[in-house]
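Keep in mind that what you see is a predicted model, and the values were worked out from it rather than measured.
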Amino acid sequence: METVKKIPIILDTDPGIDDAVAIAAALFHESIDVRLITTVAGNVGLDKTTNNALKLLQFFGKDVPVARGAAKPLVRPAEDSSHIHGESGMDGYEFDEPTQAPLDHAVLQMRDTILNSPEPITIVPIGPLTNVALLLTLFPECKAKIERIVLMGGSASRGNHTPNAEYNIYADPEAASIVFNAGLPLVMVGLDVTSLATLTTEIVEKIKEMNKTGFMLYSLFQHYRGGSLKSRGLKMHDLCAIAYLVNPGLFQTKDCFVDIELAGTYTAGTTVTDITNRLGKPSNATVCLDIDVPAFREWAIEVLGKTV
């Protein structure tokens with residue numbers, strides 16, 4: 001029997017209900033090796049995102065180190081997204097309190113994981129990019145051992161937190177600017193596809209009956225305001241980054257120059273995506289522009305069926 005070659009990743013996250021779905025998929029997919037989970041303030045504050053990551057790992061019965069990261073953006077005041085995810089970030093299900101303690105200094109843990117790995121590591125950020133920016137700034141020697149960055153964030157069209165800006169980029173645009181301009185292979189899995197990647201009522205009901213994880217996610221979905229379960233479906237933003245990692249054929253992409261607007265009164269945090277190369281600059285990102293929604297939904301059901 002042929003051994004599946006696994007993709008070693010660091011998952012940088014701010015759980016978050018759709019983060020919980022992405023974490024489940026990453027931990028149980030046969031092609032992914034989660035070496036480290038790092039937490040960042042985002043959907044809710046750092047203490048809550050860290051505790052949520054630990055709760056999920058305990059629930060899943062997985063032994064992966066969790067390291068606390070940045071409690072606030074590089075420059076700006078923190079702005080959370082608890083109006084989408086609830087006060088705790090994962091309202092709706094009573095998790096046991098975790099027994100695992102988090103490690104400190106996520107950026108140091110990221111550095112050590114990358115430099116000590118025999119093969120290059122892929123970084124998968126599904127929250128604000130503060131930790132990743134600090135890593136690339138403080139320890140540029142890590143760049144040679146980073147395979148690529150596959151991030152959920154940004155948009156080539158419109159925003160979801162402001163008219164133009166997607167939340168993860170808006171939360172720390174200075175960090176995003178550092179990451180996009182770091183010269184590393186980068187995939188932007190943004191709102192152009194994640195807003196289409198929904199789970200319908202019928203699919204959520206099916207997931208509920210599949211296993212323990214399905215019931216837990218179903219319970220969280222009742223408190224998730226990322227879309228409408230009754231009409232358009234629930235948007236699986238962060239799960240799309242995991243889907244791209246293992247099934248890039250689901251997506252239509254284009255290599256583009258992307259930069260981050262920092263100074264705009266109304267446009268700070270905008271991912272300025274030069275699809276038609278009007279600026280004449282070399283591309284620095286593979287941008288996801290469309291997704292095969294039926295195939296994504298089939299894939300999501302399949303991967304969540306592999307969980308506990």
Side-chain angles (χ1 to χ4, degrees), residues 10-14 16 19 38-46 49-50 67-82 84 105-111 114 123-143 146 148-191 194 237-238 241 256-274 279 281-287:
I10 294 172
L11 187 59
D12 189 61
T13 179
D14 60 337
D19 303 72
T38 51
T39 60
V40 64
N43 287 322
V44 287
L46 181 66
T49 62
T50 304
R68 286 170 53 92
K72 59 182 181 179
L74 295 180
V75 176
R76 300 173 191 237
E79 184 163 337
D80 73 21
S81 196
S82 57
I84 301 291
H105 309 303
V107 174
L108 297 181
Q109 300 296 334
M110 294 169 89
R111 177 199 64 182
I114 291 165
I123 300 178
V124 185
I126 55 176
L129 290 165
T130 317
N131 289 335
V132 184
L134 288 168
L135 172 76
L136 299 177
T137 302
L138 295 171
F139 305 113
E141 65 271 23
C142 289
K143 290 183 182 181
I146 295 172
R148 60 180 175 169
I149 296 171
V150 177
L151 66 89
M152 188 276 126
S155 169
S157 50
R158 304 292 285 171
N160 66 348
H161 194 72
T162 70
N164 276 42
E166 180 275 331
Y167 172 74
N168 285 345
I169 305 299
Y170 177 87
D172 197 342
E174 284 76 17
S177 178
I178 290 169
V179 172
F180 274 81
N181 289 289
L184 289 168
L186 185 148
V187 181
M188 183 174 97
V189 188
L191 297 179
T194 71
H237 298 292
D238 294 336
C256 303
F257 173 74
V258 180
D259 210 347
I260 314 301
E261 178 58 59
L262 301 178
T265 302
Y266 297 107
T267 57
T270 300
T271 37
V272 180
T273 306
D274 190 7
L279 299 174
K281 293 178 177 284
S283 63
N284 61 344
T286 297
V287 179

* Taking atom NZ of Lys143 as the centre, report whether more than 12 heavy atoms of other residues, nucleotides or ligands fall under 6.0 Å from it. =>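 Counting other residues, nucleotides and ligands, NZ of Lys143 exceeds 12 neighbours.
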Under the side chain to side chain donor-acceptor pair (under 3.5 Å) test, residues paired with [X] that sit two or more places apart:
X	answer
Arg148	none
Thr49	none
Thr286	Asp255
Asn164	Arg158

* To do: Using the test salt bridge (Lys or Arg N to Asp or Glu O under 4.0 Å), find all partners of Arg68 that sit at least two apart in sequence or belong to another chain.
  =>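 Arg68: salt bridge (Lys or Arg N to Asp or Glu O under 4.0 Å) contacts with Asp47.
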Under 3.5 Å, which donor-acceptor pairs link side chains of residues 177-191 to any protein atom two or more places apart or in another chain?
residue	atom	partner	partner atom	Å
Asn181	ND2	Ser177	O	2.8
Asn181	ND2	Asp259	OD1	3.1

* Any pair counted as side chain to side chain donor-acceptor pair (under 3.5 Å), so long as it reaches residues 260-271, sequence neighbours left out ->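 Listed by first then second residue: nothing to list.
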Under the rule for side chain to side chain contact (heavy atoms under 4.5 Å, CB included), what residues qualify as partners of [X], not counting sequence neighbours?
X	result
Ala67	Leu36, Thr38, Leu103, Ala106, Gln109
Lys72	none
Ala268	Arg76

* Of all residues at least two apart in sequence or in a different chain, which pass the ring-ring contact (aromatic ring centres under 6.0 Å, His included) check with Tyr167? ->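 Per chain and number, Tyr167 pairs via ring-ring contact (aromatic ring centres under 6.0 Å, His included) with His161.
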